[in-house]
Amino acid sequence: MELDKATIQAETRKSGGAADLLPARIVVRLEALVRDVRTVLNDFTGARPAPYAVRKPLARHLLAFTTSPSPTSSAGITPRRLRVTRVVRETADAVSLSLTDPEGRRIAFVPGQFFTVLVTLASGEILRRAYSISSLPDEDGAAAEVTITIKRMPGGRASNHLNERVAEGDVLDVLGPSGSFTAAPDPAARRHLVLIAGGSGITPLASITRTTLAREPESRVSLVYGNRGEADIIFREALASLVETHADRFTLRHVLSEPPAGFTGRTGLLDHDNVTRELDVLAAASGLDAGATDYYVCGPEPMMIAAREALLARGVAPARIHEERFSAPARRTTPALPTSSAPIEIRLRGRTKTVTAAPGQTLLEAGLAASLPMPFSCTMGGCGVCKIKLLSGDVTSEEPNCLQEEEKNQGFVLACVSRAAAPCTVEVP
């Protein structure tokens with residue numbers, strides 16, 4: 001399924017500096033402080049903000065979106081270039097691409113995050129698609145090489161292009177990483193992560209699994225993974241190797257709808273009944289402590305709904321259910337673009353500035369063009385970082401996006417996929 005990394009110096013620091021001696025959590029906080037101070041200084045001096053202002057995501061993201069304009073034409077939004085160093089065929093329909101920074105800078109990310117990949121087709125059309133990182137970071141929360149995994153989708157122009165045409169040495173334009181479907185490692189943690197995956201939903205969960213087992217010696221991981229057949233299991237050998245290496249801390253249970261002869265696991269779809277049965281098995285084998293178990297669910301929409309219902313029926317607290325939802329590009333609708341300019345009053349950090357949005361320009365692009373320090377990350381409505389509140393006026397937004405109905409009812413919109421349909425006033429939280 002077709003599921004932002006800023007060129008922020010603090011997040012792409014080279015190894016060997018003083019920051020490498022600090023715990024990852026402290027480094028991340030220090031980097032955020034440096035970015036915020038820089039943003040405030042830019043605000044007062046009128047300097048253009050850095051290409052990406054990464055903020056903690058405020059909502060879950062969708063994993064696939066339709067065509068977007070070239071980022072080079074968007075004010076203040078410049079993609080980062082990463083070089084493909086390895087191409088690994090995981091299955092007949094899935095490929096892993098390992099990426100490095102051509103300048104040797106390390107790439108910081110949290111397990112479960114995704115890159116927005118700008119895919120340029122032969123026609124010159126640029127598509128934006130989000131693909132999860134499937135590798136694990138080093139102990140400092142960064143890595144010299146990251147891997148994304150892409151499953152080919154029927155009719156998926158981006159996924160087919162990346163599966164068929166990308167080779168070692170190629171360069172990809174990316175934004176990110178982004179996303180709040182994460183499990184930051186804590187060496188002192190003693191927790192149990194129960195992961196429920198379907199198909200290519202394994203990609204972010206693979207990173208979470210690998211990192212948790214490597215960085216949390218007292219934590220356990222249980223993975224229930226549904227596929228059609230054995231040949232469709234992404235990371236099949238790698239997962240089996242993790243079982244051998246961490247037999248006392250990693251449980252892997254495959255569920256196949258078209259199992260081969262001799263298959264001893266559960267058969268059928270990961271529907272409500274099968275998810276419930278798998279949870280029963282895990283509970284009987286190792287127990288599911290309500291206060292120390294978190295559940296991460298990622299896969300096709302029917303599986304997601306079934307898993308959530310099964311978990312809630314067992315009394316699992318909603319706060320312990322973490323979900324990453326897939327959405328096919330065909331589901332994304334783009335309203336008619338405004339044909340005239342519109343004034344936008346932007347309230348940010350106690351200041352108010354009125355800017356003019358050109359026809360078709362997003363609220364984010366209009367703000368950045370005026371050198372306002374607008375927060376953003378993925379630029380495609382998928383991470384919630386650019387969430388702002390519409391105080392008056394009217395905007396048109398691309399749907400679906402990552403905002404929940406409650407947020408929409410409160411008047412929030414996403415600056416990166418919303419355009420002024422009339423003069424409006426917005427507030428940046």
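As the structure is a prediction and not an experimental result, all values here were calculated from the model. We number each residue from 1, following the sequence as shown.
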Exercise for the section: For Arg347 and Thr425, test the side chains for any donor-to-acceptor distance below 3.5 angstrom and give the result as yes or no. Expected result: no
Handout entry: Check: Ser222 and His192 side chains under 4.5 Å, non-hydrogen atoms
Key = yes
Exercise for the section: Take Leu195 and Val224, measure what side-chain contact (heavy atoms from CB on, under 4.5 Å) needs, and give me the verdict at the end. Expected result: CA-CA 6 Å; Leu195 317 179; Val224 179; over 6 Å; no
Practice task
May I ask you to test the Phe376-Lys387 pair for a side-chain heavy-atom distance under 4.5 Å?
Solution key: no
Handout entry: Interatomic spacing from CD1 in Ile208 to CG in Leu136 - rounded to 0.5 Å
Key = 12.0 Å
Handout entry: Verdict with reasoning, Arg253 to Glu278, per salt bridge (Lys or Arg N to Asp or Glu O under 4.0 Å)
Key = CA-CA 8 Å; Arg253 295 186 59 80; Glu278 287 299 310; 2.4 Å; yes
Exercise for the section: Determine, step by step, whether Glu345 and Lys353 satisfy the salt bridge (Lys or Arg N to Asp or Glu O under 4.0 Å) criterion, reporting the C-alpha distance in whole Å, the side-chain angles of both residues, the deciding distance to 0.1 Å, and the verdict. Expected result: CA-CA 6 Å; Glu345 183 180 284; Lys353 185 171 184 176; over 6 Å; no
Practice task
Before giving the answer on side-chain contact (heavy atoms from CB on, under 4.5 Å), spell out for Leu269 and Asn274 the whole-Å C-alpha distance, their side-chain angles and the decisive distance to 0.1 Å.
Solution key: CA-CA 7 Å; Leu269 299 173; Asn274 273 343; 5.5 Å; no
Exercise for the section: Using modelled atom types only, decide if a donor and an acceptor are shared between the side chain of Asn160 and the backbone of Gly156 within a distance under 3.5 Å. Expected result: yes
Exercise for the section: Would you tell me whether Thr147 and Ser134 have side-chain atoms, one donor and one acceptor, within less than 3.5 Å of each other? Expected result: no
Exercise for the section: For Ser96 and Thr149, run side chain to side chain donor-acceptor pair (under 3.5 Å): C-alpha distance rounded to whole Å, both residues' side-chain angles, the deciding distance at 0.1 Å, then the answer. Expected result: CA-CA 4 Å; Ser96 288; Thr149 302; 2.8 Å; yes
Problem - Test item: Pro375 and Cys386 side chains (from C-beta on) under 4.5 Å apart, heavy atoms - result: no
Completion exercise
In this structure, CD1 of Ile107 is separated from CD1 of Ile133 (nearest 0.5 Å) by 8.0 Å
Problem - salt bridge (Lys or Arg N to Asp or Glu O under 4.0 Å) against Glu309, all qualifying residues, sequence neighbours excluded - result: none
Problem - Interatomic distance, Arg81 atom CZ to Asp101 atom CG [nearest 0.5 angstrom] - result: 11.5 Å
Handout entry: Modelled atom types, side-chain donor and acceptor of Thr100 and Glu145, under 3.5 Å
Key = no
Completion exercise
For Glu218 and Ala189 the tightest heavy-atom approach is CB-O, 3.5 Å
Practice task
State whether Phe115 and Arg80 meet the cation-pi test: NZ (Lys) or CZ (Arg) under 6.0 Å from the six-membered ring centroid, and within 45° of the perpendicular axis.
Solution key: no
Practice task
Taking the side chain as every heavy atom from C-beta outward, state whether Lys408 and Asn401 have any atom pair closer than 4.5 Å.
Solution key: yes
Fill in the blank from the handout: Between the SG atom in Cys298 and the CD atom in Glu323, the distance rounded to the nearest 0.5 Å is 10.0 Å
Handout entry: Backbone N/O of Val117 and side chain of Arg129: donor-acceptor pair under 3.5 Å
Key = no
Practice task
Taking Arg249 for its side chain and Leu213 for its backbone only, find out whether a donor-acceptor pair lies under 3.5 Å.
Solution key: yes
Problem - Donor-acceptor pair, side chain of Thr203 and main chain of Ser200, under 3.5 angstrom - result: yes
Problem - Glu164, CD: over 12 other non-hydrogen atoms inside 6.0 angstrom - result: yes
Problem - Check: Tyr296 ring centre within less than 6.0 Å of Phe181 ring centre - result: yes
Handout entry: Validation row: Thr354, Ile344 side chains within 4.5 angstrom (heavy atoms)
Key = no
Handout entry: Nearest heavy-atom neighbours spanning Cys424 and Leu390
Key = CB-CD1, 3.9 Å
Problem - Shortest non-hydrogen contact between Tyr131 and Leu162, atoms and distance - result: CE1-CD1, 3.5 Å
Practice task
Could you give me the CA-CA distance, side-chain angles and deciding distance for Arg215 and Asp186, then say whether salt bridge (Lys or Arg N to Asp or Glu O under 4.0 Å) is met?
Solution key: CA-CA 7 Å; Arg215 307 285 180 249; Asp186 179 1; over 6 Å; no
Handout entry: Side chain to side chain, Leu205 and Val297, heavy atoms closer than 4.5 Å
Key = no
Completion exercise
CD of Glu365 to CG of Leu368, rounded to nearest 0.5 Å, is 8.0 Å
Practice task
Verify, without hydrogens or angle tests, whether Arg128 (side chain) and Thr379 (backbone) share a donor-acceptor contact under 3.5 angstrom.
Solution key: yes
Handout entry: Closest non-hydrogen atom pair, Ser341 against Ala358
Key = OG-CA, 3.9 Å
Practice task
Would you name the heavy atoms of Leu82 and Pro102 that are closest together and state the gap between them?
Solution key: CA-CD, 4.2 Å
Practice task
With side-chain contact (heavy atoms from CB on, under 4.5 Å) as the test, would you mind laying out the steps for Leu223 and Leu239 before giving the verdict?
Solution key: CA-CA 10 Å; Leu223 170 62; Leu239 291 172; 4.0 Å; yes
Practice task
Could you verify whether a donor N or O on one side chain and an acceptor N or O on the other, from Asn163 and Arg89, lie under 3.5 Å apart?
Solution key: yes
Practice task
Could you walk me through whether Glu168 and Arg83 pass the salt bridge (Lys or Arg N to Asp or Glu O under 4.0 Å) test, one step at a time?
Solution key: CA-CA 8 Å; Glu168 292 183 10; Arg83 189 176 305 281; over 6 Å; no
Exercise for the section: May I ask you to decide if Arg191's main-chain N or O and Ser219's side chain share a donor-acceptor pair within less than 3.5 Å? Expected result: yes
Practice task
State, with a plain yes or no, whether a side-chain heavy atom of Leu279 is found less than 4.5 Å away from one of Arg314.
Solution key: yes
Practice task
State whether Lys151 and Asp93 are salt-bridged, where the test is any N-O pair (Lys NZ or Arg NE/NH1/NH2 against Asp/Glu carboxylate O) under 4.0 Å.
Solution key: no
Completion exercise
Interatomic distance, CG@Asp271 vs CD1@Ile305, rounded to 0.5 Å, equals 12.5 Å
Problem - Stepwise side-chain contact (heavy atoms from CB on, under 4.5 Å) check, Met303 with Ile196 - result: CA-CA 9 Å; Met303 187 219 80; Ile196 304 174; 4.3 Å; yes
Completion exercise
Heavy-atom closest pair (Arg210 atom, Ala238 atom, distance to 0.1 Å) is NH2-CB, 3.6 Å
Exercise for the section: Could you check if a side-chain atom of Thr116 sits within less than 4.5 angstrom of a side-chain atom of Val174, using non-hydrogen atoms only? Expected result: no
